[in-house]
Colleague: 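Encoded as structure tokens, here's the structure I'll be asking about.
Fair warning: this is a prediction, and the values are worked out from it, not measured in the lab.
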Amino acid sequence: MMNSRLQVLIDHLYPHQQDNRNSSTNNNNGSSFMMNNDQLSLHYTSGSANSSVNNNYTSESSNNRVLYDNSTYRNDGIVLLLLNDPPMNTLSPLLLEALNSQLDKALKDNDCKGIIITTNEMNDKSTIFVAGADITQLKKRQDENGDFFEMTKKANDIMNKIEGSFKPIVSLIHGAALGGGCELIMSTHYRISSLSSSFGLPEINIGIFPGAGGTQRCPRLIGLNKAFEMMMTGQSIKAKEALDLGLVDELINVDKNISSALREKGVDVVKKILNGQLPMKRTLQYAKKLIDPKVSSLKFVENFPLPEVAKLLPHVKYCKQAILDGFDFVSNGQLGLDKETEYFAKCANTPTAKGMIHYFLAQRNTTKLPIKEKPTIQKFTKVGVIGGGTMGNGIAINALENGCQVIVKDINDKQVDLALERIKKVFQSKVERKRLTQQAYEQIIKNLKGQTTYDGFNELELVIEAVLEIKELKQNIFKDLEKYCNDTCIFATNTSTIDLNVIAEKLTNKEKNRKRIVGLHYFAPANVMQLLEIIRTEHTDNVILMNVLNFAKQMKKTPIVVFNVVGFAVNRLFWPYGLAAQYLVERQGLHPYNIDKALAKVIRIGFFSMADMSGLDVVRFAGQSMGSAYSDRNYTDSSLIQLMNDSKRLGEKTGIGFYKYENGKRVPDKDLDQILSKVRKNDITPANYNDKDIVEICLFSAVNEACRVIEEKVVYHVSDIDIASVMGYGFYHYYGGLMKWADSMGSKYVHDRLCQFYKDSGEKLHILKPCNYLKDCAMNNTTLYEH
């Protein structure tokens, strides 16, 4: 049985495993299908910036990415090879080439008796040793359908050269050694780390697996069980655990001058190896932990709690097989490395790898805007939230967690007290679960204030309105903000349906103050969900927008900037997707449960389950708003959602919707058929759609609407749609997002299928009629990204 911590990690990486759990769990962990953005930023980098170098060092590599220092410890005969591609020291082809060149130089240098590999720019504040692969280079090779075999083989040849060196090679680690950085140190003969370092093999998060010896060396150093867990979860371990496991050999615990302390210890170790006091450990020659009879490693691997869909993902299968092959080749690690190289080359060009790498880079692309203005607020400290309901509380919790003082305002003392009680309960739970210290809790509560007035609003940097979707109420609040806030305070609304310009209509000084109005569209629960839609109008000042992007970063959100249209991006995509699902029930005779089951192949939760979670009254209201705004393609004679509302079947909140909810669990409801019989229409001949058809008719309708969003320039990047689809309504990131998934099939295929579906509908379901953007892509045979 897996311990609870491990299960949490599995749930984080493979969120669809949670679908079979109760719906309230899914709702409370709405962001679980997303990977933590900050965590990913440590694992990989999308490029590097080589900085100026110390001219006292010499380098045969023109790019100076690895410096050769044979003077500092000349009397000891020790050469320092200094990785010098800050801030991430990415193992790019250029850095590996430089490392190989400088390694050859050291091995041929008769005055060199031993080698130390470490980083050039190391200080007490350093957080990165080596951050892993250069993902932009991997994507470039994928886009060109390039060969990964030779690339991987070259990397492994360098690692083998290090391990096979007749001169002792010691690595000194300070900061995160991740991916290829962790594989690099595993090939050295001795590893010395600072106490603050961390180690991980997170490649699983981007659709690949360790390809520079990790599947072979890691199990030999720390045992197959822990190695497999690290590779399957992508989770890092801290230095102390790395020492206990055997991943590193020694820890240095100093507060200052960490570089000097590590180097002195490194020199001492090299000397001890040279005089025989310490062995020259070559990792691939060690097999004790690999074949420990007390540990049933093969059984552990076979029983590892992966959901069925994850077991089918190519990178998971290849990683598992490479590890097991290493187990078969206990006495010959090179054979295991050969298999790893073979599998990696096959894996790296799979649709899953392409999709996940695309998605990883798309997350980092959302803040790259064609705006020259710079933010004036680097860190927000004082924030106001108007409305102490579920959404407002979540927004307040998020701000409190990230260092802000927060004022929560509501209409009366009862509502204020209730809001404060609920907010405090969230943090008390964190203390009970040891996720927060008592001292930190007390500081957070000290930063929280509830009130019914606008006292203190003149000191706030940002106010977020999160009240009911009533136009007049929001207009009055913004008029109040104009009166009580300072001239630089940003006015934000959490509206999901109301035009921001309409909200600004009642401002006294409209010309001045509409420039500082933005939408901050959070997703429930706001303190958990990672996506944040930032809505700008034609009046929004660019400096205000850049400040809000800084706020999103501080709140640990992934923002997408969208223009002020009805539905913004996420809700606009969800609308046609839902209409298509309703059409399949009403006119094609399909059952909601079968539709949800088919959609589960590509999306975390089907439309009807999601509708129950959102509340069918909310779905009806949103549908009416969208249908009014986009009446040319509205499905006007659908009555399913209205009938569910009339029957008081509103979803989870009432205990019954499309499903029943018993003890917090979502279960089928046999009485639903009575509702369905009232909405079935017989005006077209059913097309007998299979699961593939169901998925395509629902999601291609969303793709079609996304193409309109792109054509109307609602988003800055096509890939923002991918982020919206994954983080907004649970499209699996394995496919790279909605547009990447569709693009992998080709724009012509999507266009032609929509034409057929539109014809099948008797040309009644207009969301299926291809838009001009999609038509042009299909006609010109271009991708959905480059038209």
Colleague: Indicate yes or no: at least one non-hydrogen side-chain atom of Ser638 is less than 4.5 angstrom from one of Leu579.
Modeller: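 Not touching, per the 4.5 Å side-chain cut-off.
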Colleague: Spell out, as yes or no, whether a donor-acceptor pair under 3.5 Å connects the side chain of Glu705 to the backbone of Ile767.
Modeller: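 Side chain of Glu705 to backbone of Ile767, a donor-acceptor pair under 3.5 Å: no, none is there.
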Colleague: Give the ring-plane orientation class for Trp575 versus Tyr630, where under 30° counts as parallel, over 60° as perpendicular and anything between as tilted.
Modeller: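 Plane angle between 30° and 60°, so tilted.
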Colleague: Exactly one of Asp722, Ile560, Asn365 should register a side-chain contact (heavy atoms from CB on, under 4.5 Å) with His717. Which one does?
Modeller: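 Going through the options one by one, the only one that passes is Asn365.
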Colleague: Tell me the closest heavy-atom pair linking Leu312 and Lys317, and the distance in Å.
Modeller: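 Minimum heavy-atom separation between Leu312 and Lys317: O-CE, 3.7 Å.
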Colleague: Should the heavy atoms of other residues, nucleotides or ligands under 6.0 Å from NZ of Lys653 be counted, would the total exceed 12?
Modeller: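 Yes, enclosed.
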Colleague: Is it true that a side-chain atom of Thr366 and a backbone atom of Pro559 form a donor plus acceptor pair closer than 3.5 Å?
Modeller: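 Looks like yes, one N/O pair under 3.5 Å.
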Colleague: So, for Leu643 and Lys678, which heavy atoms are closest and what is the spacing to 0.1 Å?
Modeller: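 That would be CD2-CB, 3.8 Å.
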Colleague: Has Asn690 got a side-chain atom pairing as donor or acceptor with Lys692's backbone, closer than 3.5 angstrom?
Modeller: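 Looks like yes, one N/O pair under 3.5 Å.
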Colleague: How far does CD1 of Ile534 sit from NE2 of His521, to the nearest 0.5 angstrom?
Modeller: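 If I round to the nearest 0.5 Å, the distance is 13.0 Å.
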Colleague: Can you name the nearest heavy-atom pair linking Ala552 to Leu532, along with the distance?
Modeller: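 Minimum heavy-atom separation between Ala552 and Leu532: CB-CD2, 3.9 Å.
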Colleague: CG/Leu201 to OG1/Thr215 distance, rounded to the nearest 0.5 angstrom?
Modeller: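 Atom-to-atom, Leu201:CG and Thr215:OG1 are 9.5 Å apart.
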Colleague: Distance only, no hydrogens: is a donor on one side chain within 3.5 Å (strictly under) of an acceptor on the other, for Glu586 and Tyr635?
Modeller: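 The criterion, which ignores hydrogens and geometry beyond distance, is satisfied for Tyr635 and Glu586.
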Colleague: Can a donor-acceptor pair be found between the side chains of Tyr758 and His766 at a distance below 3.5 Å?
Modeller: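 Yes, side-chain donor-acceptor contact under 3.5 Å.
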Colleague: Considering all heavy atoms of both residues, which atom of Pro210 and which atom of Cys319 are nearest to each other, and what is their separation?
Modeller: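 Scanning both residues, the minimum pair turns out to be CD-SG, 4.4 Å.
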Colleague: Scan side-chain atoms only and decide if Gln756 and Asp752 contain a donor-acceptor pair under the 3.5 Å cut-off.
Modeller: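 Judged by distance alone, the side chains do not pair up.
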Colleague: With a sphere of 6.0 Å drawn around CE of Met745, does it hold more than 12 non-hydrogen atoms of other residues, nucleotides or ligands?
Modeller: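 Atom CE in Met745 is crowded, with more than 12 foreign heavy atoms closer than 6.0 Å.
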Colleague: Any donor and acceptor pair, going by atom type alone, linking the side chain of Gln142 with main-chain N or O of Ala348 inside 3.5 Å?
Modeller: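 Side chain of Gln142 to backbone of Ala348, a donor-acceptor pair under 3.5 Å: yes, one is there.
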Colleague: Side chain of Asp743, backbone of Leu784: donor and acceptor closer than 3.5 Å?
Modeller: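 Yes: the side chain of Asp743 pairs with the backbone of Leu784.
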Colleague: So Phe574 and Tyr577, would you call those rings parallel, tilted or perpendicular, with 30° and 60° as cut-offs?
Modeller: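 Judged by the thresholds at 30° and 60°, the geometry between Phe574 and Tyr577 is tilted.
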Colleague: Looking at every non-hydrogen atom in both residues, tell me the closest pair between Ala706 and Ile721 and how far apart they are.
Modeller: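 For Ala706 and Ile721, the tightest heavy-atom pair comes out as CB-CG2, 3.8 Å.
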Colleague: Do you know which two heavy atoms are closest between Ile206 and Ile357, and how far apart they sit?
Modeller: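 Here Ile206 and Ile357 meet closest at O-CG1, 3.4 Å.
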Colleague: Hey, would you say the Phe228 and Phe304 ring centroids sit under 6.0 Å apart?
Modeller: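 Between Phe304 and Phe228, which both carry aromatic rings, the centre distance is below 6.0 Å.
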Colleague: Is a donor on one side and an acceptor on the other found under 3.5 Å between the side chain of Gln582 and the backbone of Gly578?
Modeller: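 Between the backbone of Gly578 and the side chain of Gln582 there is a qualifying donor-acceptor contact (under 3.5 Å).
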Colleague: Give a yes or no answer on whether the side chain of His751 reaches the backbone of Lys775 with a donor-acceptor pair at less than 3.5 Å.
Modeller: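 No, His751 side chain to Lys775 backbone: no donor-acceptor pair under 3.5 Å.
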Colleague: With side-chain contact (heavy atoms from CB on, under 4.5 Å) as the test, would you mind laying out the steps for Thr350 and Lys346 before giving the verdict?
Modeller: CA-CA 7 Å; Thr350 61; Lys346 292 178 179 178; over 6 Å; no
Colleague: How long is the straight-line distance from CZ of Phe344 back to CZ of Phe148, given to the nearest 0.5 Å?
Modeller: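 The CZ atom of Phe148 sits 6.5 Å away from the CZ atom of Phe344.
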Colleague: Apply the test salt bridge (Lys or Arg N to Asp or Glu O under 4.0 Å) to residues Asp693 and Arg753: give CA-CA distance (whole Å), side-chain angles for both, the deciding distance (0.1 Å), then the verdict.
Modeller: CA-CA 9 Å; Asp693 298 324; Arg753 289 289 279 167; 2.5 Å; yes
Colleague: For Glu469 and Ser496, indicate whether the former's side chain and the latter's backbone hold a donor-acceptor pair under 3.5 Å.
Modeller: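 Yes; judged by distance alone, with no hydrogens or angles, the pair exists.
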Colleague: Is the backbone N or O of Val679 less than 3.5 Å from a side-chain atom of Ser639, with the two atoms forming a donor-acceptor pair by type?
Modeller: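 No.
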Colleague: Can you list the residues that meet the side-chain hydrogen bond (donor to acceptor under 3.5 Å, both in side chains) rule with Ser701, with sequence neighbours excluded?
Modeller: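 Listed in chain order: nothing, the list is empty.
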Colleague: What do the steps show when you test Tyr359 against Phe731 for side-chain contact (heavy atoms from CB on, under 4.5 Å), and what is the final call?
Modeller: CA-CA 11 Å; Tyr359 182 73; Phe731 196 89; over 6 Å; no
Colleague: If the threshold is 4.0 Å, N to carboxylate O, is there a salt bridge linking Asp669 and Arg649?
Modeller: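 So Asp669 pairs with Arg649 through a salt bridge.
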Colleague: Under the side-chain contact (heavy atoms from CB on, under 4.5 Å) criterion, do Phe621 and Val618 qualify, and how do the steps go?
Modeller: CA-CA 5 Å; Phe621 178 76; Val618 175; 5.7 Å; no
Colleague: Taking atom types as modelled, is there a side-chain donor on Asn594 or Tyr689 under 3.5 Å from an acceptor on the other?
Modeller: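 No, Tyr689 and Asn594 have no side-chain donor paired with an acceptor closer than 3.5 Å.
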Colleague: Using 0.5 Å steps for rounding, measure from the NZ atom of Lys556 to the CG atom of Asn527.
Modeller: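 Going from NZ on Lys556 over to CG on Asn527, the span is 13.0 Å.
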Colleague: Can Arg666 and Asp612 be counted as an ion pair, charged N to O under 4.0 angstrom?
Modeller: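 Asp612 and Arg666: not salt-bridged.
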Colleague: Working note: Tyr773 + Arg708, criterion side-chain contact (heavy atoms from CB on, under 4.5 Å); need CA distance, chi angles, decisive distance, verdict.
Modeller: CA-CA 7 Å; Tyr773 182 96; Arg708 290 188 175 93; over 6 Å; no
Colleague: Can you spot which of Phe658, Tyr593, Tyr659 makes a ring pair (Phe, Tyr, Trp, His ring centres under 6.0 Å) with Phe608?
Modeller: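 The option that passes is Phe658.
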Colleague: Can you tell whether the side chains of Asp499 and Lys471 come within less than 4.0 Å, N to carboxylate O?
Modeller: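 Here Asp499 does not pair with Lys471 in a salt bridge, since their nearest N and O are not under 4.0 Å apart.
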Colleague: Using the test ring-ring contact (aromatic ring centres under 6.0 Å, His included), find all partners of Tyr522 that sit at least two apart in sequence or belong to another chain.
Modeller: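 Per chain and number, Tyr522 pairs via ring-ring contact (aromatic ring centres under 6.0 Å, His included) with no residue.
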Colleague: For Phe568, does the six-membered ring have the charged nitrogen or CZ of Arg572 within the cation-pi criterion, i.e. under 6.0 angstrom from the centroid and within 45° of the normal?
Modeller: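 The answer is no; the distance or angle limit is not met.
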Colleague: Between the side chain of Asp596 and the main-chain N/O of Phe607, is any donor-acceptor distance below 3.5 Å?
Modeller: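 Present.
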Colleague: Starting at CE of Met356, measure out to NZ of Lys740 and round the result to the nearest 0.5 Å.
Modeller: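 Here the interatomic distance stands at 13.5 Å.
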Colleague: Against Asp637, only a single residue in Arg587, Lys764, Lys681 fulfils salt bridge (Lys or Arg N to Asp or Glu O under 4.0 Å); can you say which?
Modeller: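 The salt bridge (Lys or Arg N to Asp or Glu O under 4.0 Å) with Asp637 is passed solely by Arg587 among Arg587, Lys764, Lys681.
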Colleague: Salt-bridge test for Asp632 and Lys769: reply yes if a basic N is under 4.0 Å from a carboxylate O, no otherwise.
Modeller: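 Here Asp632 does not pair with Lys769 in a salt bridge, since their nearest N and O are not under 4.0 Å apart.
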Colleague: If you measure from CE on Met644 to CD1 on Ile656, what distance do you get to the nearest 0.5 Å?
Modeller: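 Rounded to the nearest 0.5 Å, the CE-CD1 separation comes out at 7.5 Å.
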